[in-house]
Structures are given as structure tokens and as C-alpha cells.
Amino acid sequence: MSTALIVVDMQVDFCPGGLLAVTSGDLILPRINAMMADYDAVILTQDWHPSDHTSFADNHPGAAPYSTTQMPYGKQVLWPRHCVIGSDGAAFHPDLVVDRADMIIRKGFRPQIDSYSAFFENDRTTRTGLEGYLRERGLDRLDFVGLAYDFCVAWSAIDARKLGFEARVIRDATGAIDLDGSADAASDAMQQAGVSLT
Ligand code: VGL
Ligand code: ZN
């Protein structure tokens with residue numbers, strides 16, 4: 001069996017000082033960097049939105065950040081503008097070791113669909129291509145770390161299980177947004193899906 005470390009969205013905007021900062025999000029960086037040596041492959045994901053992205057509250061006149069709206073594909077949280085393609089905030093955190101990464105997968109670049117998961121966009125049908133990459137390389141065991149625990153990490157790990165990969169989330173190498181109990185809900189959903197939380 002081969003194991004990949006999937007480092008989710010360790011970007012400037014999700015760390016303190018960023019536009020959608022996760023509290024203490026940067027404190028997990030040394031742990032993540034140190035883990036990289038122990039894996040057959042390291043894959044980074046990068047949230048990567050066009051300026052007119054439908055997940056940005058400021059693209060919905062009158063809508064407050066963190067409110068929810070109905071999209072053609074279902075319920076969607078409206079986020080503060082973040083990780084705009086080419087912006088400083090979309091860059092990986094400067095302390096993240098990127099040289100070890102074999103692959104960087106960008107997600108959320110279609111204006112009309114958000115993408116929390118590294119495998120499927122939020123319409124739950126559009127694929128990012130990550131599954132094919134992992135299968136071609138024979139990477140069947142996946143460990144997830146990064147931001148945010150309750151959104152992109154959880155959705156990615158649950159999709160990994162749906163696709164038949166072994167999936168583990170290293171809780172102390174993640175950080176949560178925790179919007180209305182979303183961290184506890186994510187833990188429950190992951191356990192339900194057969195993700196191991198360590
Ligand atoms: C994320 C909200 C919006 C994440 C990305 O990385 O968890 N959350 N975009
Ligand atoms: Zn995003």
C-alpha cells in the first residue's frame with residue numbers, strides 16, 4: 001500500500017491576518033512540514049477563485065458574509081472574498097514546505113460552483129481530477145491535514161471514503177472555522193463515513 005499526505009489549503013488567506021482566517025491556522029505548519037518525509041507522496045490543494053466567484057458574499061448584493069444562500073446545486077455558505085486567483089492571499093503560506101509536493105491541485109476556479117472537496121466540486125458531480133491521479137500512482141491510503149477541518153478537510157476525507165480510499169484525518173494538524181457547530185458536525189459526518197480521526 002502507498003500512502004499520500006494531502007495538505008489542504010495552507011494558504012495565506014486561511015491563516016491569521018488573511019481574509020478568511022482560521023484561528024491559529026499557522027501553528028500547524030511546523031507539524032505538517034515535519035510529516036512530509038514519512039509519505040510516498042505529498043499533494044497540496046489550493047483554493048483558487050475568480051473574482052466573480054459565486055461563493056463570495058460581496059458578489060450577492062445585500063448578503064452578509066457567513067449567511068447561506070440556495071445555489072442550483074444546493075445550500076451554500078457565502079464567504080468573505082478569499083483566495084482570489086493570483087492574489088497574495090491565494091499563495092501558500094510562506095512557511096509551508098512546497099518543494100516536497102509532487103502535485104498541486106487547484107479547486108473552486110469555476111465561477112458558478114464552489115469546491116470544498118479536493119475530489120468533487122460542491123455540485124457533487126464535477127470532478128477535480130485528483131482521484132485519477134491517485135489511482136494512476138497507486139496511492140490508496142490518504143492522510144489529510146490542513147485547513148479548514150470542518151469544510152475542505154472534512155469534505156475531502158468523506159469523498160475519499162466514498163471513492164474507496166482509506167482516509168485518516170490528523171486532527172492536531174488541522175484547524176477549524178467552526179461556524180454554528182460545523183466542527184462537531186464534521187467530526188460526526190467523518191466518523192459516519194468511515195474516516196479515522198487521530
Ligand atoms: C474553505 C471555505 C471556503 C476551506 C475554502 O479551505 O475549508 N472554506 N473556501
Ligand atoms: Zn474558498
Side-chain angles (χ1 to χ4, degrees), residues 5-29 32 43-60 63-69 71 73-93 96 101 104-124 126 128 130 142 144-160 167 169-171 173-187 189-190 195 197:
L5 179 66
I6 306 208
V7 181
V8 178
D9 296 2
M10 285 308 303
Q11 293 164 260
V12 170
D13 271 344
F14 293 122
C15 290
L19 295 172
L20 180 43
V22 174
T23 310
S24 306
D26 53 337
L27 299 184
I28 60 177
L29 280 159
I32 292 173
I43 292 150
L44 310 179
T45 75
Q46 191 170 25
D47 212 38
W48 196 249
H49 300 311
S51 185
D52 60 348
H53 197 248
T54 191
S55 81
F56 295 166
D58 63 10
N59 286 328
H60 300 257
Y66 305 104
S67 64
T68 55
T69 191
M71 297 288 184
Y73 55 79
K75 193 170 147 187
Q76 168 73 48
V77 178
L78 295 177
W79 301 105
R81 169 174 293 276
H82 64 279
C83 298
V84 173
I85 293 174
S87 68
D88 294 347
F92 289 113
H93 190 285
L96 180 70
I104 296 171
I105 184 125
R106 289 176 169 163
K107 59 185 179 61
F109 50 76
R110 288 184 181 79
Q112 301 306 322
I113 319 178
D114 203 2
S115 187
Y116 296 151
S117 165
F119 294 98
F120 292 97
E121 302 197 4
N122 286 11
D123 63 1
R124 316 312 296 137
T126 305
T128 64
L130 180 59
L142 310 178
F144 293 88
V145 295
L147 304 171
Y149 174 78
D150 39 350
F151 289 92
C152 292
V153 172
W155 286 50
S156 297
I158 290 167
D159 280 350
V169 170
I170 319 311
R171 183 70 174 95
T174 67
I177 295 174
D178 206 9
L179 190 63
D180 299 326
S182 56
D184 284 344
S187 299
M190 283 192 279
V195 176
L197 303 176

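Numbers here are sequence positions counted from 1. Remember, it's 1-based here, ligands and their atoms both numbered in the order they're listed.
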**Message:** Could you walk me through whether D114 and W79 satisfy the side-chain contact (heavy atoms from CB on, under 4.5 Å) test, starting with their C-alpha distance in whole Å, then the side-chain angles of each, then the deciding distance to 0.1 Å, before giving a yes or no?
**Reply:** CA-CA 10 Å; D114 203 2; W79 301 105; 3.9 Å; yes
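- A donor and an acceptor atom, one from each side chain of N122 and Q76, are located under 3.5 Å apart.
- Between D47 and ligand 1, at least one N/O pair is under 3.5 Å apart.
- For the side chain to side chain contact (heavy atoms under 4.5 Å, CB included) with R124, the qualifying choice from Y73, W155, F119 is W155, the only one to do so.
- Screening the protein for N, O or S atoms under 2.8 Å from the Zn ion (ligand 2) yields 3; no waters enter the count.
- With respect to atom 6 (O) of ligand 1, the closest heavy atom belonging to the protein is D9 OD2, 2.6 Å.
- Residue-environment remark: CG (D180) stays at or below the threshold of 12 foreign heavy atoms within 6.0 Å.
- When hydrogens are left out, the protein atom nearest atom 4 (C) of ligand 1 is C152 SG, 2.7 Å; that is the closest non-hydrogen contact.
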**Request:** Could you walk me through whether F56 and H82 pass the ring-ring contact (aromatic ring centres under 6.0 Å, His included) test, one step at a time?
**Result:** CA-CA 8 Å; F56 295 166; H82 64 279; 5.4 Å; yes
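- The shortest N or O to N or O distance between H82 and ligand 1 is under 3.5 Å.
- Remark: the backbone N or O of F109 is not paired with any side-chain donor or acceptor of H53 at under 3.5 angstrom.
- Ion pair D13/R81 not flagged as a salt bridge, since none of the NZ, NE, NH1 or NH2 atoms sits closer than 4.0 Å to an Asp/Glu carboxylate oxygen.
- Panel note: side chain D150, backbone G181; no donor-acceptor pair is recorded below 3.5 Å.
- Annotation: A148 places an N or O atom under 3.5 Å from an N or O atom of ligand 1; distance criterion only.
- At a heavy-atom cutoff of 4.0 Å, ligand 1 is contacted by the backbone of L147 but not by its side chain.
- Nearest protein heavy-atom contact of atom 2 (C) of ligand 1 is W79 CE2, 3.3 Å.
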**Message:** Set out, in order, the CA-CA distance, both residues' side-chain angles and the distance that settles side-chain contact (heavy atoms from CB on, under 4.5 Å) for Y149 and L197, then state yes or no.
**Reply:** CA-CA 11 Å; Y149 174 78; L197 303 176; 3.8 Å; yes
